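Structure first, then comments.
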Amino acid sequence: MIGKILLGLIAVLVIVIGIFILVCVVTGSGKIKQFTDDNGNVLENSVAEKIYLDVNGIKNGMIIRGKNTNNPVMLFISGGPGVPQYWMNDTYKNDIEDDFTVCWWDYRGEGLSYDSKINPNDITKEQLTADAEVIINYLKERFGAEKVYLMAHSGGTMLGLNIAKKHPELIYCYFGMGQVANEGYGRHEAGYYFMKDIFEKNGDTKNLKKLESMIETVDGHIVLNKKYHDGHWEGMLLKAGCATTKDMKSDATGIFFPQMFSHCYTLSEKINYWKGKSLLSKSVYFNEASASVEDFSYEVPVIFLSGTYDYTTPISNVEKLYEKIDSDGKAFYEFKNSAHSPLWEENEKAMEVIRSYLK
């Protein structure tokens, strides 16, 4: 009897896995959606493509989309590190490609640029900065742009700041969304007090108890207990509505399945997406991406976009970093109904901010 039940469960599991793979294959055309008019004709001067370039000896993949190639050019650097975010445009409203020709660049080792031969020790902030210089010069030449706009998210923001520091001649300004800012004990301490308040107000004693078990006090400050890692912390942030987006409660339903069911990647590209994430987690840049800023002076405007509910990179930490930034035209914008991703959570407001810096 037990054997029959076990065989039945295995059969169900095989069927579920088979259906999942089939959906991934069917949805994985790998084609990039074109901009069309009401009659289905591709808009004149629009661009929507997936391309690959040799960048300092490594094949780099990217998706370039824009309604009009005469618009300003923006280079977007994804978070993670190692988590490309173009697919989010299929899930959330994002009008950025109406005003910009956007290069959604998968940098060395991630997503479309994944290669098992890449040594994670070669993925450093300085190497990625050198790669970005090649990409930016390509975009300038192709689209006739004097400079480009630069935007980075989360784990890509330390790279974004480094590019802004090293190459002010190439960019108009830098937008840091969910900016990494490690200021002392702030991240876990701020998150703890925020989540404790949320769970207490909701009468969620189960998650409150779990939260209390995950922290300890060191030198009078709240820190993450060594038995836990940031993956555990991320799970708690999701439960409290203060992780990737305010409404996202699970990485599986909010990230994994939408990415695996997206049309912009083939099945092999979807698999490489997660292989790339694993590769970047072993990279030198993974640690550099959470490092503190050492030099706070910039020759271009540095613009921070932070969500009130962002406790992946708490707004209180970003504000402390912002105060140290020496940059003409620097600005800080808080998004009251966003967590870690204002560009997708409050797109209209975010675009108003971004458009105000157009040259």
Side-chain angles (χ1 to χ4, degrees), residues 79-80 83 85 88 91-94 153-155 157 176-259 290 304-323 332-353:
V83 183
Q85 290 160 292
M88 288 183 70
T91 306
Y92 300 92
K93 173 182 171 62
N94 188 1
H153 185 212
S154 191
T157 57
M177 175 174 57
Q179 179 69 46
V180 171
N182 289 327
E183 300 296 319
Y185 293 96
R187 179 169 182 252
H188 294 118
E189 194 161 58
Y192 166 75
Y193 287 115
F194 178 83
M195 288 190 286
K196 181 181 179 181
D197 184 58
I198 291 289
F199 295 145
E200 286 179 341
K201 286 179 178 177
N202 293 340
D204 190 344
T205 55
K206 179 181 177 181
N207 280 316
L208 182 59
K209 183 178 180 180
K210 178 67 174 178
L211 176 65
E212 295 290 355
S213 72
M214 292 177 65
I215 58 93
E216 60 180 298
T217 302
V218 175
D219 296 329
H221 292 281
I222 299 294
V223 298
L224 187 64
N225 190 297
K226 292 181 180 179
K227 294 187 299 183
Y228 299 94
H229 54 69
D230 277 343
H232 296 122
W233 191 252
E234 171 75 9
M236 294 304 295
L237 294 177
L238 284 162
K239 289 180 174 66
C242 54
T244 303
T245 70
K246 185 180 174 184
D247 297 328
M248 188 183 296
K249 302 302 181 183
S250 163
D251 279 340
T253 58
I255 297 177
F256 179 73
F257 287 115
Q259 187 277 331
S290 59
F304 289 158
L305 292 76
S306 290
T308 301
Y309 290 83
D310 185 356
Y311 283 86
T312 300
T313 54
I315 193 169
S316 56
N317 277 16
V318 183
E319 287 173 333
K320 291 175 184 177
L321 173 60
Y322 176 75
E323 291 303 317
F332 187 99
Y333 296 91
E334 179 177 356
F335 293 79
K336 302 285 188 180
N337 293 307
S338 293
H340 197 45
S341 310
L343 180 63
W344 289 282
E345 296 179 87
E346 294 182 73
N347 184 246
E348 186 173 336
K349 180 179 177 182
M351 288 309 303
E352 287 179 3
V353 169

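Here, residue 1 is the first one in the sequence, and each next residue gets the next number. These figures come from a predicted structure and were not determined experimentally.
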So which atom in P342 and which in A350 form the shortest heavy-atom distance, rounded to 0.1 Å?
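Nearest heavy atoms, P342 then A350: O-CB, 3.9 Å.
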
Which heavy atom in H153 sits nearest to a heavy atom in S341, and how many Å separate them?
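Taking H153 first and S341 second, the nearest heavy atoms are CE1-OG, 3.5 Å.
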
Identify each donor-acceptor pair in which a side-chain atom of residues 201-211 lies under 3.5 Å from a protein atom, sequence neighbours left out, and give them as a table.
residue: K201; atom: NZ; partner: D197; partner atom: OD2; Å: 3.1
residue: N202; atom: ND2; partner: I198; partner atom: O; Å: 3.4
residue: D204; atom: OD1; partner: N207; partner atom: N; Å: 3.1
residue: D204; atom: OD2; partner: N207; partner atom: ND2; Å: 2.7

According to the side-chain hydrogen bond (donor to acceptor under 3.5 Å, both in side chains) rule, which pairs have a member within residues 343-352, sequence neighbours left out?
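Checked against side-chain hydrogen bond (donor to acceptor under 3.5 Å, both in side chains) - neighbours excluded - the pairs reaching residues 343-352 are N89-W344, N94-N347, S338-E346.
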
Taking side chain as C-beta onward, heavy atoms only, is [X] less than 4.5 Å from [Y]?
X: V318; Y: F332; result: yes
X: E200; Y: K196; result: yes
X: P314; Y: R187; result: yes
X: M351; Y: L343; result: yes
X: N225; Y: M214; result: no

Do T157 and V180 pass the side chain to side chain contact (heavy atoms under 4.5 Å, CB included) test, and can you show the C-alpha distance, the side-chain angles, and the key distance before you say yes or no?
CA-CA 6 Å; T157 57; V180 171; 3.5 Å; yes

To the closest 0.5 Å, what do you measure between [atom1] ([X]) and [atom2] ([Y])?
X: E334; Y: D310; atom1: CD; atom2: CG; answer: 10.5 Å
X: E216; Y: K226; atom1: CD; atom2: NZ; answer: 7.0 Å
X: Y322; Y: I315; atom1: OH; atom2: CD1; answer: 12.0 Å
X: F335; Y: L305; atom1: CZ; atom2: CG; answer: 4.0 Å
X: T313; Y: M177; atom1: OG1; atom2: CE; answer: 10.0 Å

Got a sec, which residues hit salt bridge (charged side-chain N to carboxylate O under 4.0 Å, His left out) with K249, two or more places apart in sequence or on another chain?
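Counting only residues at least two positions away or on another chain, K249 forms no salt bridge (charged side-chain N to carboxylate O under 4.0 Å, His left out).
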
Contacts of type side chain to side chain contact (heavy atoms under 4.5 Å, CB included), residue S290, not counting sequence neighbours:
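Residues passing side chain to side chain contact (heavy atoms under 4.5 Å, CB included) with S290: N182.
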
Sub-6.0 Å ring centroid separation between H221 and H188:
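Between H221 and H188, the centre distance exceeds or equals 6.0 Å.
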
Would S306 and Q179 satisfy side-chain hydrogen bond (donor to acceptor under 3.5 Å, both in side chains), going step by step from the backbone distance to the final call?
CA-CA 7 Å; S306 290; Q179 179 69 46; over 6 Å; no

State whether the side chain of N317 and the backbone N or O of A181 hold a donor-acceptor pair below 3.5 Å, judged by distance alone.
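Between the backbone of A181 and the side chain of N317 there is a qualifying donor-acceptor contact (under 3.5 Å).
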
Without swapping roles, check the side chain of E189 against the backbone of I222 for a donor-acceptor pair under 3.5 Å.
yes

Which pairs of donor and acceptor atoms, one on a side chain in residues 233-247, lie under 3.5 Å apart (sequence neighbours left out)?
residue: T245; atom: OG1; partner: M248; partner atom: N; Å: 3.1

Test: ring-ring contact (aromatic ring centres under 6.0 Å, His included). Region: residues 194-214. Which pairs qualify, not counting sequence neighbours?
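The answer is F194-Y309, F194-Y311.
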
